[in-house]
Amino acid sequence: MFAVSLVPICLYLYKWQILLPHPRLVRLLLVGFIILALLTSIGTYARTGLISMGVLGMLLMLRSRRRLLYLVVAPLILMLLLGITSESWMNRMSTIGDSSEESAMGRVAVWLWTLKYVMAHPWGGSFDVFLINEMTIPLADGSTLTVLSKAFHSIYFEILGETGIPGFALFLAIVLVTRHTFVVLRNERFGPGAEWLSDVGQYLLFTLYVFLAGGAFIGIGFQSYFYYLAALSVALFNIRQKMRRSM
């Protein structure tokens, strides 16, 4: 998921990077990085990576002026993906949404336990509270699944379980403010020479969306990546304010 979320940033740098010399070489390296990032996501066998790539693909298509081109290219990419992946990878991806698959349903069990725990402990249970979880749920095939000390596997349930309702509300506030800031930057129009500010808002908004979508299935709520995005939104908004005052 992290690898996929870096793709929009690479696309922005491909268009606007001016710090490094030899722009053609830099663009070639950025293209190579994007390819490697997508291959990394595939190679991890993480279903989160496939979801993240799907979200990013939809975002790029919806914001593109050449949607028909995307509709033509997408099947070709899918065919290429089928050609380079193994049968075991395809089998693992096919379990997305399978209500009898133990790994996926184990996460559901932990999420249900978290909701019950927070109802009884609204301030949360602090870090590593998942170590005390225990939950049994029925599966679609009639059997039952019991989880014990299973990690949250979701930024939302991780933050909710460990910091409770106040911490979760604070996290959502940071998400909403960061998103709003990127939207403001995306909609900004300063005229020729300042189009980069609108584009940085757009591509960082894509990065945020990919993080939020992929993070729903992986416990990375306290890793620094998201908070760097939040800090970057504040810095860019400050630049916007200075540009407006100088006009």
Side-chain angles (χ1 to χ4, degrees), residues 1-19 30 33-34 37-38 41 48-71 74 154-160 163 165-218 220-247:
M1 185 275 291
F2 278 125
V4 179
S5 70
L6 292 175
V7 171
I9 298 176
C10 290
L11 293 174
Y12 172 78
L13 293 175
Y14 182 91
K15 185 175 180 180
W16 289 106
Q17 187 282 136
I18 59 174
L19 293 178
L30 287 170
F33 185 92
I34 291 173
L38 297 177
S41 183
T48 306
L50 181 62
I51 294 173
S52 299
M53 287 191 290
V55 169
L56 178 58
M58 289 297 298
L59 290 171
L60 291 175
M61 184 184 72
L62 291 175
R63 292 296 300 181
S64 174
R65 297 178 181 177
R66 301 176 181 178
R67 296 182 183 177
L68 290 178
L69 178 61
Y70 271 90
L71 293 176
S154 170
I155 57 176
Y156 308 107
F157 289 96
E158 178 185 20
I159 291 175
L160 180 62
T163 65
I165 295 174
F168 187 70
L170 179 59
F171 175 75
L172 288 183
I174 296 174
V175 170
L176 293 175
V177 170
T178 301
R179 179 195 175 276
H180 175 72
T181 303
F182 287 151
V183 170
V184 169
L185 294 172
R186 181 193 65 186
N187 296 334
E188 191 62 76
R189 298 292 184 270
F190 281 119
E195 298 90 344
W196 67 270
L197 188 62
S198 175
D199 273 0
V200 76
Q202 179 66 82
Y203 286 110
L204 287 177
L205 191 61
F206 287 171
T207 295
L208 178 64
Y209 285 153
V210 171
F211 173 85
L212 294 176
F217 306 99
I218 184 172
I220 52 174
F222 295 101
Q223 293 192 19
S224 59
Y225 183 79
F226 165 70
Y227 303 98
Y228 284 145
L229 288 178
L232 187 57
S233 72
V234 175
L236 289 168
F237 187 80
N238 186 49
I239 292 175
R240 169 190 179 265
Q241 295 300 92
K242 290 182 177 180
M243 292 175 66
R244 290 179 70 88
R245 287 195 294 267
S246 65
M247 291 181 64

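Atom set for the values below is all heavy atoms of this structure, side chains included, hydrogens, waters and symmetry mates excluded. Everything quoted here is computed from the prediction, not taken from an experiment.
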Just verifying a value: how many Å separate [X] [atom1] and [Y] [atom2], rounded to the nearest 0.5 Å?
X	Y	atom1	atom2	value
Leu232	Leu208	CG	CG	11.0 Å
His180	Phe237	NE2	CZ	7.0 Å
Phe222	Thr163	CZ	OG1	5.0 Å
Ser198	Asn187	OG	CG	7.0 Å
Leu11	Tyr14	CG	OH	9.5 Å
Phe211	Tyr225	CZ	OH	8.0 Å

For residues [X] and [Y], report the shortest heavy-atom separation together with the two atoms involved.
X	Y	result
Leu212	Tyr156	O-OH, 2.8 Å
Ser52	Val210	CB-CG1, 3.8 Å
Ile174	Ala230	CG2-CB, 3.9 Å
Val4	Gly49	CG2-O, 4.2 Å
Ile34	Cys10	CG1-CB, 3.6 Å

Taking [X] for its side chain and [Y] for its backbone only, find out whether a donor-acceptor pair lies under 3.5 Å.
X	Y	answer
Thr207	Ser5	yes
Ser41	Ala37	no
Ser154	Phe217	no

Could you tell me whether the side chain of [Y] reaches within less than 4.5 Å of the side chain of [X], counting heavy atoms only?
X	Y	value
Leu160	Phe171	no
Tyr12	Leu204	no
Val184	Thr181	no

inquiry  = As a quick check of understanding, evaluate side-chain contact (heavy atoms from CB on, under 4.5 Å) for Lys15 and Trp196, giving each step before the final call.
reply    = CA-CA 9 Å; Lys15 185 175 180 180; Trp196 67 270; over 6 Å; no

ask   = Just wondering, more than 12 heavy atoms not from Leu176 lying within 6.0 Å of its CG?
value = yes

query = Could you go step by step and tell me if Ile155 and Phe226 meet the side-chain contact (heavy atoms from CB on, under 4.5 Å) rule?
reply = CA-CA 11 Å; Ile155 57 176; Phe226 165 70; over 6 Å; no

note = Paired with Pro8, the side-chain contact (heavy atoms from CB on, under 4.5 Å) test is passed by just one of Leu56, Leu13, Leu205, namely Leu56

